[in-house]
2 protein chains.
Amino acid sequence: MNKIDIIIVDDHVLFSQALNGLVSNYDEFNVVTVLNNGKELVDYFSIENKQPKIVLMDIQMPLMNGIEATQWLKDNKPEIKVLALSMEADEDTILKMLRAGAKGYLLKDIHPSVLQHALKEVYASGFYYTENVTNTLLNSIHNKEKPIAIKLKERELEFLKLACTERTYKEIAEVMFLSPKTVDNYREALFEKLGAKTRIGLVLYAIKEKIVIL
Amino acid sequence: MNKIDIIIVDDHVLFSQALNGLVSNYDEFNVVTVLNNGKELVDYFSIENKQPKIVLMDIQMPLMNGIEATQWLKDNKPEIKVLALSMEADEDTILKMLRAGAKGYLLKDIHPSVLQHALKEVYASGFYYTENVTNTLLNSIHNKEKPIAIKLKERELEFLKLACTERTYKEIAEVMFLSPKTVDNYREALFEKLGAKTRIGLVLYAIKEKIVIL
DNA sequence: TTCTAAAAGGGGATATTTCCCCTTTTTATA
DNA sequence: TATAAAAAGGGGAAATATCCCCTTTTAGAA
């Protein structure tokens with residue numbers, strides 16, 4: 001019988017090796033190899049012509065993460081189907097992974113039988129989306145209206161970062177080689193754009209949006 | 001031959017089941033059961049008298065985490081040795097786990113053979129510390145001098161949180177049912193304690209120390 | 001109850017922030 | 001090159017924040 005070839009990519013060796021044993025036990029599947037990160041996957045295809053049907057892909061990995069690796073596969077080996085396998089359940093990660101071309105998204109706390117089912121589905125139907133992922137997708141459509149990511153200019157960003165220090169505006173002006181009055185203009189412009197009423201508001205915004213990291 | 005009984009506690013079912021297969025393949029070990037979190041472990045011992053020699057314990061788990069569960073084992077089943085198995089490599093977590101009584105601390109990106117070796121060591125010697133953990137321990141001794149966690153009084157904390165809003169001090173005084181002058185005293189006291197020169201400094205401190213969450 | 005320290009309140013001065021309305025210089029582009 | 005928009009700079013004033021030094025009230029220990 002012809003087994004379905006699978007490659008596992010995950011930097012947690014203990015997990016990937018254990019998973020290897022698990023999947024190999026299923027009659028339908030054959031684990032071709034286990035790799036540690038996206039980079040190793042790219043390297044693998046540079047010396048190996050035989051292609052797996054499915055790649056079980058972790059996301060958070062060193063050197064080349066799962067999103068980049070999935071994108072690479074979409075661009076270079078579009079026949080191979082990627083099934084994402086991750087701990088991150090946040091909307092942003094899921095969307096990035098799906099946009100990169102993943103055919104499914106599983107969390108690591110699922111039961112092994114779900115994995116088996118998902119693998120079969122991906123092979124047979126070409127995709128497998130859990131309820132979780134479907135909800136996330138629907139959610140993202142609804143929320144597309146609100147976050148009109150405020151665009152800040154280079155100089156405004158620079159000022160904003162300096163505003164998140166104990167410098168006075170006069171000192172900020174010196175650092176930026178500007179007149180205090182010009183700095184005052186930046187301040188006022190940002191108050192308007194970000195809906196702040198005080199400098200504290202600027203600081204809170206900058207930290208919330210990770211413009212400054214503490 | 002008498003195998004060494006092991007219990008696996010981990011909320012990532014896929015991982016724990018895969019690990020089950022892996023460890024069961026080793027001749028020396030026998031996985032008695034696989035549980036999803038600390039709570040299940042406590043429940044397990046309330047109906048089961050047979051004790052495993054080793055518990056492979058995840059840390060981040062719902063209901064009852066690995067640290068609490070390890071502490072419980074130390075208090076109630078001190079003969080059972082806990083080998084921590086986690087993704088978190090930060091000093092704080094490692095120390096908490098060791099203080100709770102763990103006999104070893106492994107990261108999930110180790111090679112299966114290391115796990116096998118660690119299990120054998122824990123059974124034979126009673127403990128197994130990787131270089132990583134040893135370094136962390138040494139490090140923690142060196143750094144014990146600096147973080148003299150600044151103690152803030154209830155009312156100061158309250159003020160500090162309000163200072164991280166766009167309220168003026170006058171408004172803060174109203175919220176706290178205090179005179180603006182008293183609020184000014186709190187401000188000055190915190191400037192002194194936290195080494196701040198401006199209100200921005202207070203905000204940065206509060207966020208850095210997670211006194212306010214954004 | 002007396003004493004003491006912490007909590008609360010205050011006067012008054014100076015520095016900084018915030019605001020509004022304006023001009024000049026630079027940059028991009030039609 | 002004309003022209004509009006963006007960037008930079010400014011005057012002046014009111015509101016806040018910061019600072020220093022002081023008194024009164026409250027709560028708890030002696």
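Residue numbering restarts at 1 for every chain, and letters A, B, ... go by the order of the sequence lines.
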Plane angle bin for A:Y128 and A:H117 - parallel if under 30°, tilted between 30 and 60°, otherwise perpendicular: perpendicular
Any B:K181 side-chain N or O less than 4.0 Å from OP1/OP2 of D:dT24: no
A:F191 six-ring face occupied by A:R187 cation (under 6.0 Å, within 45°): yes
Interatomic distance, B:E158 CD vs C:dA7 C1' [rounded to whole Å]: 14 Å
Rounded distance in Å - NZ (B:K153) to P (C:dA5): 14 Å
Per B:L178 side chain, nearest of listed nucleotides C:dT18, C:dG9, D:dA17: C:dG9
Residue B:T168, side-chain heavy atoms: nucleotide from D:dC19, D:dT16, D:dG10 that is nearest: D:dT16
Sugar-phosphate, base or nothing in reach of B:R187, heavy atoms under 4.0 Å: base
Below 4.0 Å: OP1/OP2 of C:dG10 and any side-chain N or O of B:T182: no
Phosphate OP1/OP2 of C:dA15: any A:Y169 side-chain N/O under 4.0 Å: no
Between B:D90 and B:T93: side-chain donor-acceptor atoms closer than 3.5 Å: yes
Between D:dT16 (P) and B:L162 (CG): distance, integer Å: 17 Å
Cation-pi check, B:K81 onto B:Y123 ring (under 6.0 Å, within 45° of axis): no
Polar pair under 3.5 Å, donor/acceptor by atom type, side chain B:N185, base C:dG9: yes
Rounded distance in Å - CG (A:D184) to C1' (D:dG10): 10 Å
Phosphate OP1/OP2 of D:dG10: any A:S179 side-chain N/O under 4.0 Å: yes
